[in-house]
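Just the heavy atoms: all of them, side chains too, but no hydrogens, waters or symmetry mates, feed the values below.
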Amino acid sequence: MTEAVRSVSPSSEPLAPVAVNSPARVLTASLVGTTIEFFDFYVYATAAVLVFPTLFFPNSDPMTALLASFATFSIAFFARPMGAVVFGHFGDRIGRKATLVAALLTMGISTVIIGLLPTYEQIGVMAPLLLALCRFGQGFGLGGEWGGAVLLATENAPEGKRNWYAMFPQLGAPVGLFLSSGIFWLLLHVMSKDALVAWGWRVPFVASTLLIAVGLWVRFSISETPAFRKAMEAHERVAVPVKEVFGKYKRSLFLGTFVALVTFVLFYIGTAWLLSYNVKVLQIPFLDALEIQIMSAVVFGIFIPLTAKVGDKIGRRLSLIVITILIAAFSFLLPTLLTAGEAGVAIFAAGSMALMGMTYALIGAALAAPFPTSVRYTGASLTFNFAGIVGASLAPYAATWLQTNYGMAAVGYYLGLAAVITLVCILASGKEEV
C-alpha cells in the first residue's frame, strides 16, 4: 500500500466541484503548450547547425565547431531529468495545471535570453558558457512540460480513447518543428545569409515571447484533471514521488526508457543531424535543406493521428512492435538513400518522419501507463527524459562522428541497434506496462 500524505485541507469533505474541462479545451491546452516548448527546442537545434558554430565557437575548424555546438545541444537532455524530478514532484503534489505553467515559463524565459546573448566576438569565452546555461534552462523546463501535457490529455480521456487524446500533445513536436524551420526559411527569404548570422538568428528566439503569452492564456483557462482531483480527495498523494518511483517502479522506469530509445534516435538523426549533413557535407543550400525539413515535419504530423487511431483499435503494444520492426528495416536503407543526392535525402527525411510519427503517436500513453495517478507525472516524465539522454542527447554528435570516421553505413547500424534494443524491451514489458 502506498504511503500517502493527506491533502493540505484538514477537512475530509470532498473538494468543491469545478467546471469540467471540455475536450476541445483540454486538447488545445496540451497541444499549444508542447508546440511552444518544442518550437523553442528546435529553434535551438536549427541555430546549432546554421549559426552557433560561427558565433560561439569561431576559433575552431568547421567540424570541431559543429561538434562543440552539438555538445551544447546535448546539455538540455541531461537537464531534462532534473526538471522531471522537480516539476514532477510539484505536479504530483499540488497539481498538473500550476506545474505546467511554471514549466512553460522556465523554458520560454531561457529561450528569449538566448536571443539576447552577446557572441564570442563580444565577450569571449563567457558567450558559450552563457549559451550552455540557457540551454540547461531549456532542458529543465521541457523536462517538466512533456509529462504534464500528456497527463493533461490522458487523465481527461474517455474510455477507449486514451491513445487518441495522448496524441495531441505529441502533435506539438511536428508543429514546433514546422514553425521553427519555417521561420528560418522565411528569414532567409527576406535577408542575406550574412544578415542572418549578424542578427537575424535572434528573431525566432525573441519572437517566442508571443507564443509564451498564448500558451499561458490557454493554460490558465483549464481546471485540474479529474484523476488528480480524485487522488486529492482520497488522500493518495505521496510525500516524495521520485522516491516512490525509484522504490516501486524501477522495472517500469528501466523498460520504458529503452522502449522510447529508438524514438529519440530516429528523430534526431532525421532532423538535427540530417540538417547538418545536408548543409555541411552535401553542401545543399540552407533554403533547400530547410525545405526538406519543413516537408518532413508535415509528414511527421500526418502520421501521428493516423497511428493513434490504429493504436486504439488493435492495441498499443502490438502497434509499437510492428513499428519498431519497420524502423529496424529502414535503417538498412539509410546509407543508400543518404548517398543518392538530394532526392535520396528527401526520401529519407520523409520516411524517417513517417516512422517517427507512428512511434511518437503512441509513446506518450505507453510511458504513462505503468504509473498510478499519485506518481504518474514524475514517473512518465523521468522515463521520457531518461530516454532522451540515452537516445537523443548525443545522437547528432554520435551520427556526425560515426559518419566522419566510419562512413554512412555506421550511422545505419547505430539506428538499427537502437531499434533492436527497443524491440527487446517492448517484448519484455507486460501489456499493462506499455
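- Of the possible donor and acceptor atoms, none in the side chain of Ser381 sits under 3.5 Å from a partner among the backbone N and O of Gly144.
- Lys280 NZ: more than 12 foreign heavy atoms inside a 6.0 Å radius.
- If you take CE on Met353 and CE on Met295, they are separated by 10.0 Å, rounding to the nearest 0.5 Å.
- The backbone N or O of Ser110 lies less than 3.5 Å from no partner atom in the side chain of Arg135, so there is not a single donor-acceptor pair.
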Show me the side-chain donor-acceptor pairs of residues 262-276 shorter than 3.5 Å, one per line, residues at least two apart or across chains.
unit_1: Thr263; atom_1: OG1; unit_2: Thr359; atom_2: OG1; d: 2.8
unit_1: Thr271; atom_1: OG1; unit_2: Phe267; atom_2: O; d: 2.7
unit_1: Ser276; atom_1: OG; unit_2: Trp273; atom_2: O; d: 2.7

(message) As a quick check of understanding, evaluate side chain to side chain contact (heavy atoms under 4.5 Å, CB included) for Val411 and Leu415, giving each step before the final call.
(response) CA-CA 6 Å; Val411 181; Leu415 177 60; over 6 Å; no

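- For the atom pair Phe258 CZ and Ser429 OG, the distance stands at 12.0 Å (nearest 0.5 Å).
- Closest of all the heavy-atom pairs between Ala65 and Phe57 is CB-O, 3.6 Å.
- Note: Leu362 CG to Leu367 CG = 10.5 Å, rounded to the nearest 0.5 Å.
- Rounding to the nearest 0.5 angstrom, the gap separating the OH atom in Tyr277 from the CE atom in Met408 is 3.5 Å.
- Within the 3.5 Å criterion, the main-chain N or O of Leu211 finds no donor-acceptor partner in the side chain of Ser208.
- Annotation: side chain of Asn278 is not in contact with side chain of Gln293 (no heavy-atom distance under 4.5 Å).
- The two atoms that bring Ile212 and Leu104 nearest to each other are O-CD2, 4.1 Å, heavy atoms only.
- Atom CD1 of Ile323 and atom CZ of Arg316 lie 11.5 Å apart (nearest 0.5 Å).
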Give the table of side-chain donor-acceptor pairs shorter than 3.5 Å for residues 111-128, with sequence neighbours excluded, one pair per line with atom names and distance.
unit_1: Thr111; atom_1: OG1; unit_2: Asp40; atom_2: OD2; d: 3.3
unit_1: Thr111; atom_1: OG1; unit_2: Met107; atom_2: O; d: 3.0
unit_1: Thr111; atom_1: OG1; unit_2: Gln138; atom_2: NE2; d: 3.0
unit_1: Thr119; atom_1: OG1; unit_2: Gln122; atom_2: OE1; d: 3.4
unit_1: Tyr120; atom_1: OH; unit_2: Asn59; atom_2: ND2; d: 3.0
unit_1: Gln122; atom_1: OE1; unit_2: Thr119; atom_2: N; d: 2.7

(request) Could you go through the ring-ring contact (aromatic ring centres under 6.0 Å, His included) check for Phe386 and Phe254 one step at a time? (result) CA-CA 9 Å; Phe386 282 151; Phe254 177 83; over 10 Å; no

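- Ring centers of Phe87 and Tyr377: at least 6.0 Å apart, outside the cut-off.
- Proximity of a side-chain donor or acceptor of Thr378 to a complementary backbone N or O of Gly88 within less than 3.5 Å is detected.
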(request) Start with the C-alpha gap between Val32 and Ile36, add the side-chain angles, then the distance that decides, and say whether side chain to side chain contact (heavy atoms under 4.5 Å, CB included) holds. (result) CA-CA 6 Å; Val32 169; Ile36 295 166; 3.9 Å; yes

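- Aromatic pair Phe330/Phe348: centroids less than 6.0 angstrom apart.
- Within the 4.5 Å cutoff, the side chain of Cys425 has no heavy atoms near those of the Leu261 side chain.
- Annotation: side chain of Ile426 is in contact with side chain of Thr422 (closest heavy-atom distance under 4.5 Å).
- Across all non-hydrogen atoms, the minimal contact from Ala349 to Ser296 is O-CB, 3.7 Å.
- In terms of heavy-atom proximity, Pro169 sits nearest to Tyr165 at CD-O, 3.4 Å.
- Between atom CG of residue Leu55 and atom CZ of residue Arg202 there is a gap of 8.0 Å, rounded to the nearest 0.5 Å.
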(request) Take Leu216 and Leu105, measure what side chain to side chain contact (heavy atoms under 4.5 Å, CB included) needs, and give me the verdict at the end. (result) CA-CA 8 Å; Leu216 290 174; Leu105 282 173; 3.7 Å; yes

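- Side-chain contact between Trp164 and Pro305 is present, with heavy atoms from C-beta onward closer than 4.5 Å.
- Between the Ser331 side chain and the Ala328 main chain, a donor and an acceptor come within less than 3.5 Å of each other.
- Between Thr383 and Ser252 the shortest side-chain heavy-atom distance does not fall below 4.5 Å.
- The aromatic rings of Phe140 and Phe136 sit parallel, their planes meeting at an angle under 30°, below the 60° perpendicular limit.
- For Phe184 and Trp201, the ring centers sit 6.0 Å or farther from each other.
- A heavy-atom distance below 4.5 Å is found between the side chains of Tyr249 and Pro372.
- With hydrogens and angles ignored, the 3.5 Å screen pairs a side-chain donor or acceptor of Asn385 with a backbone N or O of Gly143.
- A heavy-atom distance below 4.5 Å is not found between the side chains of Ile327 and Met358.
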(request) Decide yes or no on side chain to side chain contact (heavy atoms under 4.5 Å, CB included) for Gln403 and Val281, but give the supporting numbers first. (result) CA-CA 10 Å; Gln403 188 271 324; Val281 178; 4.1 Å; yes

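- The shortest side-chain heavy-atom distance between Tyr44 and Phe52 falls under the 4.5 Å cut-off.
- With a 6.0 Å radius and a threshold of 12 heavy atoms from other residues, nucleotides or ligands, Phe78 has its CZ atom above the threshold.
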(request) Could you walk me through whether Phe286 and Trp185 pass the ring-ring contact (aromatic ring centres under 6.0 Å, His included) test, one step at a time? (result) CA-CA 8 Å; Phe286 279 2; Trp185 180 86; over 10 Å; no

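- Closest approach of Ala132 to Ile75, counting heavy atoms only: CB-CD1, 3.5 Å.
- Here the shortest heavy-atom pairing between Val85 and Leu382 reads CG2-CD2, 3.6 Å.
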